[in-house]
J.: 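Dropping a structure here in structure tokens format, bear with me for questions.
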Amino acid sequence: MNNKQKLAETCASIKAVQGKYEVRLERQKEVNEDFKTLRELTEKMVILQELEFPKVDTYKTYVTFFNEKYDYHVQQICNRKKRIWAVPLCFLVTLYEQDLKMAFPEEEIQIPYTLRGFWKMDKAVKLEEDFVRFQNEAQQILLWETRRLSRISKKKEKAYSKILDEFVTMRISYNGWKDEVCYNDLRFRLNKKNVKLDVVPLCKLLTIYYVRVVDQMEHYAKTYANQQEKEKLEAIKSAFSKFMEKYFTVKTIC
């Protein structure tokens, strides 16, 4: 299949997931009167509607994604040469898929995304360097805060350490011409002798990591954080968001 056919497959899967769970949630709302349950069902319905993938039969279609944790994104399907923007779409689809998995943890939700998107190797290496710089700077703040909380509140320290534990799970190992990006059981290898590479798997890996780190920060901020702690977490989240947008979104819409 070419990228256009693969995109159609992804869109069909998204529509199927949305239709399936919208029907289920509507039925549950009809038979539930408990306010808390109704609120949870409504929140899940909102998550289902985060990604809007309208008509895909024209190259002028816009994909929109909105979630307060990850901001608002608009992406056009293709570039001026009518080639599909595979990497930016991967970012949005993966954000959506991970949010669905959190909203429906009991379900096995997998959205197929087999499109390929190529970068020149020097861009991938620059991403790697920028990510290491961001991670080192943010990790220093998280370590300092964890140590500070250890002297103030063991309960808060334990909760905050979950952010740090998730954050340091991502690592990059260097082995001559072959670098490896690792996150849990996910792996991406950069053979720097190549001129270019398919970066979609790296986009998926980093997006999954991004979602889980942000989720841990959001949970702590809502449950435990004072204003100063919230500001520090928001600064890390903002820097991470800017990094993701820099490499995985297209600013100029054709």
J.: Are more than 12 heavy atoms, taken from residues, nucleotides or ligands other than E68, located less than 6.0 Å from that residue's CD atom?
T.: no
J.: Specify the closest pair of heavy atoms between F188 and L197, including all atoms of both residues, with the distance to one decimal.
T.: CZ-CD1, 3.3 Å
J.: Decide whether V181 and F243 are clustered together by the hydrophobic rule: side chain heavy atoms of Ile, Leu, Val, Met, Phe, Trp, Tyr closer than 4.5 Å, transitively.
T.: yes
J.: Do K230 and K222 make a side-chain contact, defined as non-hydrogen atoms from C-beta onward lying under 4.5 Å apart?
T.: no
J.: Assess whether a salt bridge exists between K162 and D165, defined as any Lys/Arg side-chain N lying under 4.0 Å from an Asp/Glu carboxylate O.
T.: no
J.: Pairing donors with acceptors under 3.5 angstrom, does anything connect the side chains of Y70 and E50?
T.: no
J.: Main chain of L186, side chain of N184: is a donor-acceptor contact present, judged purely on distance under 3.5 Å?
T.: no
J.: Hey, do the aromatic rings of F240 and Y209 have their centres closer than 6.0 Å?
T.: yes
J.: Just checking, any donor-acceptor pair under 3.5 angstrom between side chains of Q18 and Y96?
T.: yes
J.: Any ion pair linking K154 and E157 (charged N to carboxylate O, less than 4.0 Å)?
T.: yes
J.: State, with a plain yes or no, whether a side-chain heavy atom of K156 is found less than 4.5 Å away from one of N226.
T.: yes
J.: What is the minimum heavy-atom distance between C203 and V87, and which atoms define it?
T.: SG-O, 3.7 Å
J.: Hey, is D130 close enough to K126 for a salt bridge, meaning N to O under 4.0 Å?
T.: yes
J.: Would you find a donor on one side and an acceptor on the other, under 3.5 Å apart, between the side chain of Q75 and the backbone of F91?
T.: no
J.: I'd like to know whether CD of Q228 has more than 12 heavy-atom contacts from other residues, nucleotides or ligands below 6.0 angstrom.
T.: no
J.: Are I208 and I47 grouped together when hydrophobic residues (ILVMFWY) are joined by side-chain heavy atoms under 4.5 angstrom apart?
T.: yes
J.: Answer yes or no: does atom CZ of R189 have more than 12 heavy-atom neighbours from other residues, nucleotides or ligands under 6.0 Å?
T.: no
J.: What about M121 and L206, same hydrophobic cluster or not, with Ile/Leu/Val/Met/Phe/Trp/Tyr joined at side-chain heavy-atom distances under 4.5 Å?
T.: yes
J.: Identify whether the distance between the nearest side-chain nitrogen and carboxylate oxygen of R148 and E145 falls below 4.0 Å.
T.: yes
J.: Taking everything shown except R187 itself, do over 12 heavy atoms lie less than 6.0 Å from its CZ?
T.: yes
J.: Please determine if K204 and E97 form a salt bridge, counting it only when a charged side-chain N lies under 4.0 Å from a carboxylate O.
T.: no
J.: Just so I know, are the side chains of L142 and L233 near enough to count as touching, which here means a heavy-atom distance under 4.5 Å?
T.: yes
J.: Looking only at non-hydrogen atoms, find the nearest pair between N32 and L38 and report the distance.
T.: O-CD2, 3.3 Å
J.: Would the number of heavy atoms belonging to other residues, nucleotides or ligands and lying under 6.0 Å from NZ of K69 be above 12?
T.: yes
J.: Check for a donor-acceptor pair, side chain of Y113 on one end and backbone N or O of C90 on the other, with a separation under 3.5 Å.
T.: yes
J.: Does some side-chain heavy atom of I236 sit less than 4.5 Å from a side-chain heavy atom of I163?
T.: no
J.: Same cluster for Y220 and M102 if Ile/Leu/Val/Met/Phe/Trp/Tyr side chains link at under 4.5 Å?
T.: yes
J.: Might you point out which heavy atoms bring I111 and S13 nearest each other, and give the distance in Å?
T.: CA-OG, 4.0 Å
J.: Under a 4.5 Å cut-off applied to non-hydrogen side-chain atoms, are L89 and V63 in contact?
T.: yes
J.: Which heavy atom in P112 sits nearest to a heavy atom in T10, and how many Å separate them?
T.: O-OG1, 2.6 Å
J.: Does the side chain of Q98 pick up a donor-acceptor pair with the side chain of Y210 at under 3.5 Å?
T.: no
J.: For residues F118 and D198, report the shortest heavy-atom separation together with the two atoms involved.
T.: CD2-N, 3.5 Å
J.: Would you please classify the geometry between the F167 ring and the F134 ring as parallel, tilted or perpendicular, with 30° and 60° separating the classes?
T.: perpendicular
J.: Transitively linked via ILVMFWY side-chain contacts under 4.5 Å: L25 with V46?
T.: no
J.: Kindly say whether R147 contributes a backbone atom to a donor-acceptor pair with the side chain of S150 at under 3.5 angstrom?
T.: yes
